[in-house]
Amino acid sequence: MTTPLTGRSAAEISRLVAPWVDRPFRTRQVALWVLQRNARSFGEMTDLPKELRSRLAEHFTLAEPRILDIVRSSDGSRKYLLELDDGTTVESVAMPEDQKLTLCLSSQSGCAVGCTFCVTGALGAGRNLSSWEIAGQYRLMIRDMATAPDRVNIVFMGMGEPLLNLENLELALESLFETVSPKRVTVSTSGVIPGIRWLAGLPRRPKLAVSLNAPDQVRREEIMPIAGKYPLAELMDALRAFPLERGRRITFEYVMIRGFNDRVEDATTLVRLLGGLPSKVNVIPLNEDAVHLPGLLRPDAGTVDRFAERIRRAGLVVTVRRSRGNDVAAACGQLKGRHQGRTNATDHCRPDLSPSRR
Ligand code: SAH
Ligand code: SF4
């Protein structure tokens, strides 16, 4: 049995390889190769004795998901279709912007939460990704994009609900934090309250984003079944108790669906709901999908702008997610369709860095 060294912290890697090394400082060398130098094979670890390299290769792997396909967008974004050991596929997205690279990672291979506006939800439950399958997405994308870790932002906005995969998420975060500051990592949740409390207790916390998507309990429950289990009032209580470092905010994602949650009055209700919480609202015009999300449409640009403006006037920070990599998204449908008869699972994966136009 070989054990993956990927998806682990430096301390953990050192502990695992310690019984096999000839001298104590070797453990740190190995951790450095895995984490900082992002090695693909033990053969690359040229400052280790040859014999040690082959011994390590007998007991350990540097496992990562396998790239099945990469779709490149004209704006520089790349969407990856990845295959895991059991044949399951997931998607990840890399989005360059200015000097930064935002990586959108998946935490599960589907999603049991079943939000009505989400293609991953429409695909149904998948399985939890292991820590190496999660961290491996980061590893292979920074390699493919030839980007240094200090220019990377990570968002858990791909497939799945990260806070329903806590054990693997924790290990993956510890591994990612070796090269990417927690300030540059965002975990997005549909509102899993026990998971939010767990996150609150971590010694090193990533940033938190909450997919709100409706300003009141009734409508939220209509599109996000999980709101029945974790009602909005309790969710807001948990968020008010969430420890925030100075200057940090909680991001609230709000997918705008035409005729459902897109009125200026809805923005007013939203502002009232967030009252007093250091928050940033990320307005996301729905990504349509005629096959998986029939009948759901995005509002027109004017409606989106009026909604965002109402929130901004209340003094909150608002961004409107610029739709980019559209050709990637379109191609992604074909991509996954070609391989699996499924489409667009990370169509929503967009950077949330762009300020709205006004
Ligand atoms: N499960 C987590 C993280 C993955 S979903 C969560 O729900 O937060 C990441 C984001 O994509 C969420 O904010 C979700 O609301 C948004 N999203 C899902 N489907 C979308 C669609 N069709 N169009 C636009 N955004 C979508
Ligand atoms: Fe799952 Fe998030 Fe999609 Fe809801 S929006 S179905 S929680 S991935």
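This structure is a prediction, so every number in the text was calculated from the model and none was measured. If you read the sequence from its start, that first residue is 1, and numbering goes on from there. As the structure lists them, so they are numbered: ligands from 1, and atoms in each ligand from 1.
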- Note on the structure: One finds that the ligand 2 atoms under 4.0 Å from a non-hydrogen atom of Gly114 are 6 (S)
- Query: Is Val119 in polar range of ligand 1, meaning some N or O pair under 3.5 Å apart?
  - Reply: no
- Message: Check whether Ser109 reaches the backbone of Gly126 with its side chain - one donor and one acceptor, N or O, closer than 3.5 Å.
- Response: no
- Can you list the ligand 1 atoms lying under 4.0 Å from a non-hydrogen atom of Val255? 15 (O), 16 (C), 17 (N), 24 (C), 25 (N), 26 (C)
- Determine, using heavy atoms of Gly160 and all atoms of ligand 1, whether some pair is separated by less than 4.0 Å. yes
- Qualifying residues under side chain to side chain contact (heavy atoms under 4.5 Å, CB included), relative to Arg143, sequence neighbours excluded: Asn38, Arg40, Glu64, Arg139, Leu140
- Query: Counting distance only, does the side-chain N/O of Arg184 pair as donor-acceptor with the main-chain N or O of Asn153 below 3.5 Å?
  - Reply: no
- Note on the structure: Quick look: Thr189 vs ligand 1, heavy-atom contacts under 4.0 Å, and the answer is backbone
- Task: Flag the pair Glu309 and Arg306 as a salt bridge only when some basic side-chain nitrogen lies within less than 4.0 angstrom of an acidic carboxylate oxygen.
- Result: no
- Note on the structure: Leu293 heavy atoms within 4.0 Å reach ligand 1 at atoms 22 (N)
- Message: Tell me whether ligand 2 is touched by Gly160 - counting only heavy atoms on the residue side and a distance under 4.0 Å.
- Response: yes
- Query: Any idea which atoms of ligand 1 are less than 4.0 Å away from a heavy-atom of Glu253?
  - Reply: 10 (C), 12 (C), 13 (O)
- Query: Got a salt bridge between Asp86 and Arg127, using NZ or NE/NH1/NH2 to carboxylate O under 4.0 Å?
  - Reply: yes
- Query: With a cut-off of 2.8 Å, does any N, O or S atom of Cys118 fall short of it relative to atom 4 (Fe) of ligand 2?
  - Reply: no
- Does at least one non-hydrogen atom of Cys111 fall below 4.0 angstrom from an atom of ligand 1? no
- Query: For Leu296, is the nearest heavy atom under 4.0 Å from an atom of ligand 1?
  - Reply: no
- Check ligand 1 against Phe156 and write out every atom of the ligand that is under 4.0 Å from a heavy-atom position of the residue. 3 (C)
- Item | Where ligand 1 meets Gly158 - atom numbers and elements under 4.0 angstrom, heavy-atom basis | 4 (C)
- Query: Take atom CD in Glu265; do more than 12 heavy atoms of anything else shown fall under 6.0 Å from it?
  - Reply: yes
- Query: Any idea which atoms of ligand 2 are less than 4.0 Å away from a heavy-atom of Gly121?
  - Reply: 6 (S)
- Message: Please determine whether Cys111 has a backbone or side-chain N, O or S atom lying under 2.8 Å from atom 1 (Fe) of ligand 2.
- Response: yes
- Query: Where does Thr120 meet ligand 1, judged by heavy-atom distances below 4.0 Å: at the side chain, the backbone, both, or neither?
  - Reply: neither
- In ligand 1, the atoms that come under 4.0 Å of a heavy atom of Leu286 are 21 (C), 22 (N), 23 (N)
- Item | hydrophobic_cluster_shared for Leu202 and Val210, side chain cutoff 4.5 Å | yes
- Task: Identify, by atom number and element, the atoms of ligand 1 in contact range of Cys118, meaning under 4.0 Å from any of its heavy atoms.
- Result: 18 (C), 19 (N)
- Query: Counting heavy atoms only, which of Ser107, Ser106, Cys104, Ser211 comes nearest to atom 7 (O) of ligand 1?
  - Reply: Ser211
- Run the numbers for me: atoms of ligand 1, each under 4.0 Å from some heavy atom of Asn213, listed by number. 15 (O)
- Do Gln137 side-chain atoms and Ser92 backbone N/O form a donor-acceptor pair below 3.5 Å? no
- Note on the structure: Quick look: Ser190 vs ligand 2, heavy-atom contacts under 4.0 Å, and the answer is side chain
- Query: Hey, is CZ on Arg23 packed in by over 12 heavy atoms from elsewhere, all under 6.0 Å?
  - Reply: no
- Query: Checking Asp69 side chain against Leu81 main chain: does a donor-acceptor pair fall under 3.5 Å?
  - Reply: no
- Among residues two or more places apart or on two chains, list those pairs meeting salt bridge (charged side-chain N to carboxylate O under 4.0 Å, His left out) that have a residue in residues 211-224. Asp216-Arg219, Arg219-Asp266
- Note: Ile284, heavy atoms under 4.0 Å from ligand 1, region reported as side chain
- Query: Between Arg37 and Glu44, is the closest basic N to carboxylate O distance under 4.0 Å?
  - Reply: no
- Query: What do you reckon, is CD of Glu245 surrounded by more than 12 foreign heavy atoms closer than 6.0 Å?
  - Reply: yes
